[in-house]
Amino acid sequence: MVEDAEFSQKFSVGIVGLGLIGGSIAKRLVATGSCKVYAYNRHQTMYKEARALGITCVESVSELARMQPNVLILCNSLAAMPEVLGDISREINKQRTTLTDVGSVKGLVRQQVKAAGLGDCYIGAHPMAGSEFTGWQASSAQLLDGALWAVSVDESSDFWRFLAVLRVIVGLCGNRALVLNDSIHDASAALISHMPHVVSTALANVLCGSENRNVALQMSAGSWRDMTRVALTDPNRTRAMVAENRRNVADLLGSVIDELSFAKKMLEGSDGDSAVSGDEHAFFAKADSWREYKYEERVADDGNESAVALDLRELRFALDCACDWQSQLIQSAQSGEQIVGVSLSDSAVACDSRAARITLRRVSTL
């Protein structure tokens with residue numbers, strides 16, 4: 001939702017890596033007709049198709065940096081990050097270009113960005129979208145339909161750079177965003193993505209080791225499909241992702257093991273034992289608050305526009321004033337609000353200057 005014509009005018013985005021996520025972002029942006037899209041990919045087999053879509057493809061990361069895009073999105077692997085950042089650091093116009101990325105960990109990426117001398121022009125990002133497939137052919141503009149992006153900042157992040165990244169996410173992609181710091185992001189990503197990948201892989205491992213695996217596969221339906229979908233991901237890709245956030249994942253696996261160990265002992269107890277029966281009820285009812293949350297979420301998605309309007313509020317930040325915008329927006333995310341709109345306006349705020357208006361929508365919380 002962008003209300004200001006100047007803020008929504010065409011600008012440029014560079015993309016390093018045209019795989020599943022990078023390709024999907026490029027396809028979505030170029031389809032808007034409101035954005036120049038430049039891209040580089042190490043293997044250039046998709047360039048003919050990409051160019052036919054209107055994407056300007058270049059021959060090197062250095063050339064991409066010399067194009068001086070307003071936002072340069074790093075969609076390459078973490079292993080390639082030091083080399084990519086080195087090429088960018090020699091060519092980037094820091095006064096114009098803001099760096100962001102799509103990685104599922106933020107703390108490690110920020111360390112690498114700072115090591116390359118680019119920390120002052122970096123805003124982290126992570127689109128919560130994807131699939132078990134990889135590569136350009138698996139990418140699509142629709143992959144980002146309804147996506148939420150986690151935007152990661154620190155105390156030194158520039159507000160105008162944050163707005164440039166929001167311009168891509170909210171203004172052009174039509175997605176939503178919430179603002180976090182690196183530690184909150186990485187702990188949360190481990191909980192809802194990285195740890196489940198490990199658990200899903202463990203379930204697949206158990207299946208493959210069972211003497212009844214062929215019969216079980218024929219009997220499998222929605223429950224098995226939903227629990228193991230991400231185990232279909234390239235195992236090297238999963239291993240790398242989990243390793244990048246290993247401490248958080250290890251801690252969470254300890255919690256899962258505790259829950260499963262409790263369930264195992266409970267089920268091994270005597271049938272009809274009142275204490276065991278009570279334990280069973282407590283175990284299976286423990287997540288009722290989450291079940292209620294999912295019910296409220298479904299109700300909220302029924303398209304009731306008047307209810308949606310009541311959940312909206314607006315924050316204004318003067319563009320040329322120092323303010324603690326990072327903490328305000330992190331607290332907003334923690335309270336259950338998402339950024340659904342951003343615009344620039346002339347407004348009588350502190351310092352009597354132009355202001356950024358950020359529209360927030362409250363969602364259900366546990």
Side-chain angles (χ1 to χ4, degrees), residues 9-104 108-110 112-127 129-130 133-141 143-144 161 164-165 167-169 172-173 234 236-237 240:
Q9 68 184 0
K10 180 178 292 189
F11 79 144
S12 59
V13 175
I15 298 174
V16 180
L18 288 174
L20 176 67
I21 300 299
S24 296
I25 294 171
K27 290 174 181 178
R28 193 173 185 91
L29 290 176
V30 78
T32 69
S34 301
C35 179
K36 297 177 181 177
V37 181
Y38 311 118
Y40 164 77
N41 197 74
R42 185 163 62 94
H43 301 296
Q44 301 177 358
T45 55
M46 77 289 290
Y47 272 17
K48 181 178 180 180
E49 183 178 345
R51 285 168 174 151
L53 294 174
I55 300 167
T56 300
C57 300
V58 300
E59 300 303 313
S60 67
V61 173
S62 297
E63 183 180 354
L64 186 62
R66 287 194 295 270
M67 305 293 284
Q68 298 188 36
N70 296 96
V71 175
L72 181 52
I73 308 175
L74 306 175
C75 303
N76 50 276
S77 68
L78 198 64
M81 195 67 76
E83 180 181 357
V84 168
L85 291 171
D87 291 341
I88 291 172
S89 67
R90 290 186 285 272
E91 303 291 345
I92 191 173
N93 178 352
K94 289 188 176 183
Q95 299 306 309
R96 176 177 172 84
T97 298
T98 292
L99 280 182
T100 189
D101 73 312
V102 298
S104 65
L108 185 54
V109 173
R110 193 178 300 275
Q112 293 180 322
V113 170
K114 287 183 175 180
L118 298 169
D120 55 344
C121 55
Y122 173 70
I123 300 289
H126 178 197
F133 305 108
T134 60
W136 167 262
Q137 294 303 321
S139 68
S140 74
L143 185 73
L144 295 167
R161 294 191 187 278
V165 173
R167 191 171 182 178
V168 175
I169 296 170
L172 293 170
C173 286
D234 178 350
N236 289 321
R237 176 181 159 197

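The shown structure was predicted, so the numbers you read here are calculated from the model rather than taken from an experiment.
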Residues at least two apart in sequence or cross-chain that pass side-chain hydrogen bond (donor to acceptor under 3.5 Å, both in side chains) with D234, listed by chain then number, are none

Applying side-chain contact (heavy atoms from CB on, under 4.5 Å) to N41 and not counting sequence neighbours gives L18, H43, M46, Y47

query: Under 4.5 Å between any side-chain heavy atoms of L99 and L85, yes or no?
result: yes

Q.
Using side-chain heavy atoms (C-beta onward) and a distance below 4.5 Å, is I88 in contact with L74?
A. yes

Q | I123 and V71, any side-chain heavy atoms less than 4.5 Å apart | A | no

Are P127 and I21 close enough that some pair of their side-chain heavy atoms sits under 4.5 Å apart? yes

If you draw a 6.0 Å radius around CD in E49, do more than 12 non-hydrogen atoms from other residues or ligands fall strictly inside? yes

Nearest heavy-atom contact between D120 and G117 is OD1-O, 3.9 Å

Inset, instruction - Apply the test side chain to side chain contact (heavy atoms under 4.5 Å, CB included) to residues R96 and N70: give CA-CA distance (whole Å), side-chain angles for both, the deciding distance (0.1 Å), then the verdict. - result: CA-CA 6 Å; R96 176 177 172 84; N70 296 96; 3.5 Å; yes

Note: R110 and Y122 closest approach over all heavy atoms is NH1-CD2, 3.5 Å

For E91, the salt bridge (Lys or Arg N to Asp or Glu O under 4.0 Å) test, sequence neighbours excluded, returns R66

Q) Can any side-chain N or O of T98 pair as donor or acceptor with the backbone N or O of C121 at less than 3.5 Å? A) no

Looking at side-chain heavy atoms only, is the closest gap between K27 and L143 below 4.5 Å? no

Smallest heavy-atom separation, L144 atom then A129 atom, equals CD2-CB, 4.0 Å

Minimal heavy-atom distance between I92 and A65, with the atoms involved, is N-CB, 4.3 Å

(Q) When you compare the side chain of R167 with that of C35, does any pair of heavy atoms fall below 4.5 Å? (A) no

Rounded to the nearest 0.5 Å, the OG atom of S62 sits from the CG atom of D87 at a distance of 4.0 Å

#### Entry: Atom CD of E59 with >12 non-hydrogen neighbours under 6.0 angstrom
yes

**OP:** Please check if the side chain of S24 supplies one atom and the backbone of S139 the other of a donor-acceptor pair under 3.5 Å.
**Re:** no

Smallest heavy-atom separation, V109 atom then M81 atom, equals CG1-CE, 4.4 Å

dist N76:CG -> I15:CD1 (nearest 0.5 Å) comes out at 12.0 Å

Distance col, row T134:OG1 vs N236:CG, nearest 0.5 angstrom, shows 11.0 Å

Check: G23 main-chain N/O paired with R28 side-chain donor or acceptor under 3.5 Å: no

Mark yes or no for whether R237, through its side chain, and F133, through its backbone, hold a donor-acceptor pair below 3.5 Å. yes

Between C57 and A50, the two heavy atoms sitting closest are SG-CB, 3.7 Å

- Indicate yes or no: at least one non-hydrogen side-chain atom of V168 is less than 4.5 angstrom from one of F11. yes

Taking the side chain as every heavy atom from C-beta outward, state whether M67 and S12 have any pair of such atoms under 4.5 Å apart.
no

